[in-house]
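Input: a single structure, listed below in structure tokens.
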Amino acid sequence: MVKQIQLRIPLEEEGKPHLLQKKAAAYLGLPENEITLKVLRKSIDARKPTIYFTYKIAVFIAEKPSEATEYVFDYKDVSKAKPVHIVGFGPAGMWAALRCLELGYKPVILERGKNVQDRRRDLKAINQDHIVHEDSNYCFGEGGAGTYSDGKLYTRSLKRGDVRKIFESLVHHGATEQILIDAHPHIGTNKLPKIVQHIRETILKHGGEIHFESRVVNFVLKDNTLVALQLLNQTEIPVQRVILATGHSARDIFCLLHQKNIALQAKSFAMGVRVEHPQHIIDAIQYHCSGARDTKLPAAAYSLVEQVNGRGVYSFCMCPGGFIVPAATAPGEVVVNGMSPSKRNNLYANSGIVVAIDVAQDLPKYEKFGALKGLEYQKDLERLAFTSGGRSQVAPAQRLTDFVEGKLSPDLNPTSYQPGLLSAPLHSLLPKLIGSRLRTGFIGFGKKMKGYYTAEANIVGVESRTSSPVTIPRNENLEHPQIKGLFPCGEGGGYAGGIVSAAMDGERCAEAAMVGL
């Protein structure tokens, strides 16, 4: 017999040997030696001064839990199978490829960037030398934007696919089993590259193909059917099915589709800044402590939202114990993002604080760009950040309180952002649509989290790549309604918002692409 129960353990008792066993036995009125526990979920409840660890537990009574997982990854030898071409090797592309292996089709992946090891040199170049490689950066390359940008696995997309399967697949390829239990699972940017490498090795071992530094620059069409892909080196590759998984920053793909009059739609998105606090301030607020946090507790996170003048202002991609990183994908722009290592042990906490932008109402001056109006708005703010930061990867910044009060900061706080910060009047540089709402939002956040609104925090601009500003439409079969053989997928298509949802969409698109092949 198996029963599920929930137990709350006070912080001071957490980690004591056999405590869960003892409490579960007492709760069920059974001897300890008659039960075996399996932890299903673990979370922290810090809403009150007394902090609790909450456990969801399966209790096996007079029987032992099976050690085997219900998920078996049966990857077939597809070396001689029919090909499915996948453009992009981020989460959507990777899990599309893995699903191809399971179903007996050969994934042929074309990735504009480099493998995870070779990407490191280009990340160093952007951080230290301010050189942006357009095809190899924090957004492009093996593993996509998530590889060197944190690896948070939290998703609300529970109805889009089998979330558990994605997690089990990550464990199968080297992730810790702790992600199967934690309420807000996180792998860490220091561990993700090895997992991504293992996924690559799985694909190659079973007969798939992966071609790095292979940027697609044209779609060859015949009678509204995609028949070939053209690469930057002029190579033309015949295709029957193409899963387009290029990510939310592949602007050249959006422009190519637009130029070829292939249907696109402008999509609402969000933009703003990244705010960085000393981690101890966030710990003190969230854990109600005056000194260093208890070593049993992880670096504290937060989630905030305010409605300001009809638009949401909210935290995005919060990184406790993390770093701010330069996420530009072309020279002449500054974009910031955040990440955390697996231990989340850096001195700073950072989060995007962004304003929802309704492309139907908020961008009248950009109507001439049609479906690309949100993209052009993004680009203008990124160029503004570039010039106001000194025309390098140095980012414009301001103390939080100075931003809200409309004053230039005479100096800035220390930062985790490697290229450096330059004091700039972001309060006047940002468009009113964003800036005024951010200022009101920060005041509201300070009321919800006493101590959040502080001169010890910097805001850094701009956080502009929260999601794609474009949707590539698809029909009920996940195929583009105008172009046969083209399956828009993941964040770049406008159908996902993170690693897990992109992976699930990749699986669905792989299944759809095989119909009738």
Side-chain angles (χ1 to χ4, degrees), residues 89-95 111 113-128 132-133 136-155 166-167 169-171 173-179 182 184-200 247-249 274 276 279 282 298-301 315-329 335-352 393 395 415-419 460 463 465-466 491 496-503:
F89 199 43
M94 287 192 293
W95 268 269
E111 166 56 51
K114 301 177 183 178
N115 66 43
V116 285
Q117 291 82 10
D118 292 341
R119 280 179 78 180
R120 293 182 190 275
R121 286 192 289 272
D122 297 312
L123 301 187
K124 181 180 178 182
I126 192 172
N127 274 301
Q128 296 186 6
V132 181
H133 190 305
S136 180
N137 44 61
Y138 276 95
C139 291
F140 298 146
E142 185 178 22
T147 301
Y148 289 105
S149 182
D150 206 51
K152 283 182 285 293
L153 302 177
Y154 183 63
T155 181
I166 303 302
F167 281 51
S169 177
L170 284 163
V171 172
H173 287 99
T176 171
E177 292 189 354
Q178 193 65 32
I179 66 171
D182 287 343
H184 294 277
H186 166 255
I187 293 175
T189 193
N190 54 318
K191 294 188 176 181
L192 268 169
K194 183 60 69 174
I195 295 167
V196 168
Q197 179 184 329
H198 289 163
I199 292 173
R200 179 216 311 162
H248 61 46
S249 290
R274 197 149 273 266
E276 183 171 60
Q279 181 64 51
I282 304 303
S315 57
F316 170 83
C317 183
M318 197 274 145
C319 302
F323 304 83
I324 298 178
V325 297
T329 53
V335 181
V336 291
N337 194 3
M339 69 176 194
S340 295
S342 57
K343 292 183 179 180
R344 290 181 162 172
N345 56 355
N346 191 39
L347 295 176
Y348 303 98
N350 71 78
S351 178
Q393 285 305 301
T415 181
S416 66
Y417 183 69
Q418 264 194 289
V460 183
E463 170 82 48
R465 307 286 179 93
T466 59
E491 288 204 34
I499 291 173
V500 177
S501 58

For Val171 against Thr176, the heavy-atom pair lying closest together = CG2-O, 3.8 Å
Give, for atom [atom1] of [X] and atom [atom2] of [Y], the distance between the pair rounded to the nearest 0.5 Å.
| X | Y | atom1 | atom2 | result |
| --- | --- | --- | --- | --- |
| Ser501 | Ile166 | OG | CD1 | 10.0 Å |
| Leu170 | His198 | CG | NE2 | 12.5 Å |
| Leu192 | His186 | CG | NE2 | 7.5 Å |
| Arg119 | Tyr138 | CZ | OH | 9.5 Å |

Is it true that a side-chain atom of [X] and a backbone atom of [Y] form a donor plus acceptor pair closer than 3.5 Å?
| X | Y | result |
| --- | --- | --- |
| Gln279 | Gly321 | yes |
| Glu491 | Ala502 | no |
| Glu111 | Phe89 | yes |
| Ser136 | Asp122 | no |

Close side-chain approach of Phe323 to Thr189, heavy-atom, < 4.5 Å | no
State, with a plain yes or no, whether a side-chain heavy atom of Asn337 is found less than 4.5 Å away from one of Arg274.
-> yes
State, without any angle test, whether Asn127 and Tyr417 hold a side-chain donor-acceptor pair at a distance under 3.5 Å.
-> no
For Arg465 and Ser249, does a side-chain donor sit closer than 3.5 Å to a side-chain acceptor?
-> yes
Might you work through the side-chain hydrogen bond (donor to acceptor under 3.5 Å, both in side chains) test for Asn137 and Thr329, ending with a clear yes or no?
-> CA-CA 7 Å; Asn137 44 61; Thr329 53; 5.5 Å; no
Over 12 non-hydrogen atoms of neighbours within 6.0 angstrom of CD in Glu177 = no
Charged N to carboxylate O under 4.0 angstrom, Lys114 versus Glu142?
-> no
Please report the C-alpha distance between Leu347 and Ser416 in whole Å, then the side-chain angles of each, then the deciding distance to 0.1 Å, and finally whether the side chain to side chain contact (heavy atoms under 4.5 Å, CB included) criterion is met.
-> CA-CA 8 Å; Leu347 295 176; Ser416 66; over 6 Å; no
Tell me, with the steps shown, if Gln418 and Gln393 meet side-chain hydrogen bond (donor to acceptor under 3.5 Å, both in side chains).
-> CA-CA 9 Å; Gln418 264 194 289; Gln393 285 305 301; over 6 Å; no
